[in-house]
K.L.:
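Dropping the structure in here first, questions after.
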Protein chains: 2
Amino acid sequence: MKISPQEISVRLENFRKTSRDKRLPLTPQKSAIFQAIATSCEHPGVTEIYKQLKSEFPSISLATVYKNLKKFENLGLLVEIPVPGKAPRYDAKLEIHSHAVDTASGCVYDVETPKNLSLPKEILGKKVKHANLIYYL
Amino acid sequence: MKISPQEISVRLENFRKTSRDKRLPLTPQKSAIFQAIATSCEHPGVTEIYKQLKSEFPSISLATVYKNLKKFENLGLLVEIPVPGKAPRYDAKLEIHSHAVDTASGCVYDVETPKNLSLPKEILGKKVKHANLIYYL
DNA sequence: CTCTATGCAAAATATTTGCAAGGGA
DNA sequence: TCCCTTGCAAATATTTTGCATAGAG
């Protein structure tokens, strides 16, 4: 599953626009962290992002990654994808996601969401922001 | 949403049967932990379970709760419901079903699974044992 | 009797916070 | 200049592990 260059552009542009609108400084670290998520189909977690950026920013700290992820979430730029028994992953794609968890090996796979699944827009009077369908194999 | 007495019986019986089949001792703590989940529609998390059992078993340790939850999961007796930014909750309902997570309050609700959702029976050559659809509000 | 479970304490992980210095707009 | 951000270190929080003992089957 690959992300198209167009889709990546949309995500990055959205990130820059939001930063501008909220008058938030756009630092190299921030951009790199968001980009790491927006350009990846691996749904990286905190540790993966930290390790990946370590080469580009040798002095980057884990706290910076945590702080930025939290900020991005609050800004609605990304979504935390919880995976049972695993560290949460992050994704800049806001539509529904599906995962298949191999309960024996612990591996997590991306799978296509059923075409016939139409999500309710609201539940209990609240807007559905995101949905996660998890299969256990 | 309340759980019917019949449903609770089924869950507890399943728990006892599995323990017998696997020749696992059935201790009071274990039973209490499973029961706390099986009889609750609140989907308690580790801390809630621990606090709840503290009165019945003043010397129970958090480690025991963790160990048993992990064991129950491996036995397929319950399912972890991940909640973004919050501690995971647990659920003893094993059919394919859906949850709605209020990301602001952390509340977890049972909701009806869309009728039009037809799940694949197999993914990547492995049988789908269970599936969980989680909405984030 | 055998094997798993329990509970304690310690260790390992994971996440958050405070604060001084640095750097975008 | 004005804030926000960074990175370090320390503080917390969370989860796991080792081990001696207790207890179920």
Side-chain angles (χ1 to χ4, degrees), chain A residues 12 15-36 44-75 77-78 80-90 106, chain B residues 12 15-37 44-75 77-78 80-90 103 106:
Chain A
L12 295 178
F15 166 64
R16 281 187 289 262
K17 183 182 184 325
T18 303
S19 299
R20 238 181 294 118
D21 291 353
K22 305 269 175 174
R23 254 136 268 244
L24 297 172
L26 232 172
T27 68
Q29 288 92 331
K30 257 171 139 169
S31 304
I33 292 169
F34 185 80
Q35 194 170 318
V46 172
T47 314
E48 287 76 34
I49 296 169
Y50 176 69
K51 279 185 192 155
Q52 185 187 323
L53 298 190
K54 204 66 183 167
S55 52
E56 193 180 347
F57 304 89
S59 68
I60 199 170
S61 86
L62 214 32
T64 298
V65 178
Y66 276 110
K67 284 169 186 168
N68 276 304
L69 288 181
K70 184 147 285 186
K71 176 143 276 186
F72 294 161
E73 261 195 278
N74 292 337
L75 291 170
L77 286 169
L78 51 79
E80 185 185 313
I81 303 176
V83 181
K86 301 228 141 203
R89 319 268 193 103
Y90 296 88
Chain B
L12 294 179
F15 166 63
R16 281 188 289 263
K17 185 184 183 318
T18 303
S19 298
R20 236 181 297 116
D21 290 352
K22 304 270 175 172
R23 255 135 265 241
L24 296 173
L26 234 172
T27 68
Q29 289 93 331
K30 256 171 139 169
S31 304
I33 293 169
F34 186 80
Q35 194 169 315
I37 299 167
V46 173
T47 315
E48 288 76 35
I49 297 168
Y50 176 68
K51 280 184 191 155
Q52 186 188 321
L53 298 190
K54 203 68 185 169
S55 52
E56 193 181 346
F57 305 90
S59 69
I60 198 171
S61 85
L62 214 30
T64 298
V65 178
Y66 276 109
K67 284 170 185 168
N68 277 303
L69 289 181
K70 185 147 286 186
K71 178 142 275 188
F72 294 162
E73 263 194 274
N74 293 336
L75 290 171
L77 287 169
L78 51 77
E80 183 186 315
I81 309 169
V83 183
K86 307 244 168 192
R89 313 290 204 85
Y90 297 88
T103 50

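So you know, we letter chains A, B, ... as the sequences are listed, proteins then strands, and number each from 1. FYI, side chains are in, hydrogens and waters are out, and symmetry mates aren't considered; it's all heavy atoms of this structure. Predicted model only: the values in this text are computed from it and were never measured.
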K.L.:
Mind calculating the distance between NZ (A/Lys67) and P (C/dC19) to the nearest angstrom?
P.N.:
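My rounded result for the distance is 12 Å.
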K.L.:
With nearest nucleotide decided by heavy atoms, which residue, A/Ile33 or B/Thr47, maps closer to the 5′ end of DNA chain D?
P.N.:
A/Ile33
K.L.:
With sugar-phosphate meaning primed atoms plus P, OP1 and OP2, does B/Thr27 contact a base, only sugar-phosphate, or nothing at under 4.0 Å between heavy atoms?
P.N.:
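The residue B/Thr27 makes sugar-phosphate contact but no base contact.
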K.L.:
With nearest nucleotides of DNA chain C determined for B/Lys71 and A/Arg23 from heavy-atom distances, which residue corresponds to the more 5′ nucleotide?
P.N.:
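Nearer the 5' end of the strand: B/Lys71.
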K.L.:
For residues B/Leu77 and B/Ile37, determine if any side-chain heavy atom of one lies less than 4.5 Å from a side-chain heavy atom of the other.
P.N.:
no
K.L.:
If you define the side chain from C-beta out and look only at heavy atoms, does anything of B/Leu53 sit under 4.5 Å from B/Thr64?
P.N.:
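No, too far: nothing below the 4.5 Å cut-off.
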K.L.:
Quickly work out the A/Tyr50 OH to C/dT15 C1' distance and round it to whole Å.
P.N.:
14 Å
K.L.:
Both A/Leu62 and B/Asn68 contact DNA chain C. Taking the nearest nucleotide for each, which residue is further toward the 5' end?
P.N.:
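Going by which nucleotide is closer to the 5' end, it is B/Asn68.
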K.L.:
Using a cut-off of 4.0 Å on non-hydrogen atoms, how would the nucleic acid contact of A/Thr64 be classed: base, sugar-phosphate, or nothing?
P.N.:
base
K.L.:
Roughly how many Å is it from NZ in B/Lys54 to C1' in C/dC8, rounded to a whole number?
P.N.:
11 Å
K.L.:
OP1 or OP2 of C/dA5 versus the side-chain N and O atoms of B/Lys30: is any pair under 4.0 Å?
P.N.:
yes
K.L.:
Tell me whether the side-chain N/O atoms of A/Gln29 come closer than 4.0 Å to OP1 or OP2 in C/dG23.
P.N.:
no
K.L.:
At a heavy-atom distance below 4.0 Å, which nucleotide of DNA chain D is the first touched by chain B, and which is the last?
P.N.:
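Using the under 4.0 Å cut-off, the span is D/dT14 to D/dG25.
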K.L.:
What is the distance from atom CD of A/Gln29 to atom CG of A/Asn68, rounded to the nearest 0.5 Å?
P.N.:
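Output value for this atom pair is 8.5 Å.
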K.L.:
A/Phe15 vs A/Phe34 aromatic rings, parallel, tilted or perpendicular, using cut-offs 30° and 60°?
P.N.:
parallel
K.L.:
Give the intermediate values and the outcome of side-chain hydrogen bond (donor to acceptor under 3.5 Å, both in side chains) for residues B/Lys54 and B/Tyr50.
P.N.:
CA-CA 6 Å; B/Lys54 203 68 185 169; B/Tyr50 176 68; 3.0 Å; yes
K.L.:
Taking atom CG of B/Leu24 and atom OG1 of B/Thr18, what is their separation to the nearest 0.5 Å?
P.N.:
9.0 Å
K.L.:
In whole angstrom, give the distance that lies between atom NZ of A/Lys22 and atom P of C/dG24.
P.N.:
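Rounded to whole Å, this separation is 23 Å.
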K.L.:
Are the side chains of B/Ile33 and B/Phe72 in touch, meaning some heavy atoms are under 4.5 Å apart?
P.N.:
yes
K.L.:
To the nearest Å, give me how far apart CG (B/Leu69) and P (C/dT6) are.
P.N.:
11 Å
